[in-house]
Amino acid sequence: MRLQLLRLIGGFLLCLNLAWAAPPDVARSKDHPLLTRYPNSHIVEYAKNFNGADFAVSRGTDGNPVRKRIEGDMTDILYFHGDVDKQPSALQLIRNYQNAIKGIGGEVVYERLPKDGDGGETTLRVNAGGKEVWVLVEPGIFSAPTQSYKLTVVEVAAMQQVVTANKMLDEINKNGFIALYINFDTNKADLKPDGQASVKEIVAMLKAAPALKLAVEGHTDNVGSAPANKTLSDQRAKSVMNAVVAGGIAAARLTAAGFGAEKPIADNRSEEGRAKNRRVELVKK
């Protein structure tokens, strides 16, 4: 009799545990590889295709968000949180994903905090896997008191520019410099594969023009502190210069310096402008 009672109690506790478990995700859905879900959430809607979404990137003079259309490989996920006692607030969701993106070297582009029943939103950006990844987090209550939120992730190919040695030389002879868009991970100065390809062309150009001497200049956008940007741009310029020297060019033909955001060539108020300002210039000496 006692054993039967224990079995009944055990079965009752098991049912309670199952009642608290998150329901299964919708068929053929999964989390985005970069971002995990909030605990006890499950996927109720999922779509993955090439598409575009409007991301808030700044606040307009009227107080409304200014949005930028981003196109690429897009993943749309709608999560539902089933545990009433442990459901996150809209602010918790926003801060959770902001911290996750910053933890892998990304940045918060925009935030609109929850207010008066509006769940708010945040736009995040990170460079990962050779792509620029944009993330939109939109908390919202679809069926009170259960919290739900939408995650939109768009992956776009990072700006690349591998210019041939002949084109580099022509541009430098014509204008005295050339701007190269060499990709670096956020806050890092290590050359990536496309950067190594650009270095090979620089080496080939300098070998073809043995009298040419160059200043390698690093430039950033205005995101972040000025001292940190200057240091980072200097490290990136030296990274390029050292790779060129390693390719067989005499160090005496090269110098390297970083200027941070001191010499913009485009408007830093737009993402397009900031992308153009993140560059390495080869300047004829």
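Just so it is clear, the model here is predicted, and its values are computed rather than measured. All heavy atoms count here, side chains included; hydrogens, waters and symmetry mates do not.
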Does Arg28 CZ have over 12 foreign heavy atoms under 6.0 Å away? no
Looking at Asn99 and Arg95, would you say the former's side chain and the latter's main chain have a donor-acceptor pair under 3.5 Å? yes
Keeping the roles fixed (side chain from Glu201, backbone from Ala165), state whether a donor-acceptor pair exists under 3.5 Å. yes
Shortest non-hydrogen contact from Lys276 toward Ile265: O-CD1, 3.6 Å
Lys/Arg N to Asp/Glu carboxylate O, Asp267 vs Arg269, below 4.0 Å: yes
Is it true that Gln92 and Asn96 share a donor-acceptor pair across their side chains at a distance under 3.5 Å? no
Verify whether the ring centers belonging to Tyr149 and Tyr97 lie closer than 6.0 Å. yes
With a 4.0 Å cut-off, would you call Lys48 and Asp73 a salt bridge? no
Would you please say whether a donor-acceptor pair under 3.5 Å links the side chains of Thr36 and Asp31? no
With Leu214 as reference, evaluate Leu206, Val244, Thr255, Ile178 under the side-chain contact (heavy atoms from CB on, under 4.5 Å) test and give the passing residue. Leu206
Main-chain N/O of Glu111 paired to Arg59 side chain as donor or acceptor, under 3.5 Å: yes
Are Glu262 and Lys230 ion-paired here, with the side-chain N under 4.0 Å from a carboxylate O? yes
Taking Arg253 for the side chain and Leu212 for the main chain, is one N or O donor matched with an acceptor at less than 3.5 Å? yes
Under 6.0 Å from the NZ atom of Lys68, do we count more than 12 heavy atoms belonging to anything else shown? yes
Has Lys115 got more than 12 heavy atoms of other residues, nucleotides or ligands less than 6.0 Å from its NZ? no
Salt-bridge test for Asp234 and Lys238: reply yes if a basic N is under 4.0 Å from a carboxylate O, no otherwise. yes
CZ/Arg278 to CD1/Ile182 distance, rounded to the nearest 0.5 angstrom? 14.0 Å
Before giving the answer on salt bridge (Lys or Arg N to Asp or Glu O under 4.0 Å), spell out for Asp25 and Arg37 the whole-Å C-alpha distance, their side-chain angles and the decisive distance to 0.1 Å. CA-CA 12 Å; Asp25 294 336; Arg37 70 186 70 188; 2.8 Å; yes
Side-chain (His32) to main-chain (Leu151) donor-acceptor, under 3.5 angstrom: no
Would you please say whether a donor-acceptor pair under 3.5 Å links the side chains of Tyr46 and Tyr79? no
With distance as the sole criterion, is a donor-acceptor pair present between the side chains of Thr122 and Gln98 under 3.5 Å? yes
Quick one: does any side-chain atom of Arg274 pair with a main-chain N or O of Asn268 as donor and acceptor, under 3.5 Å? yes
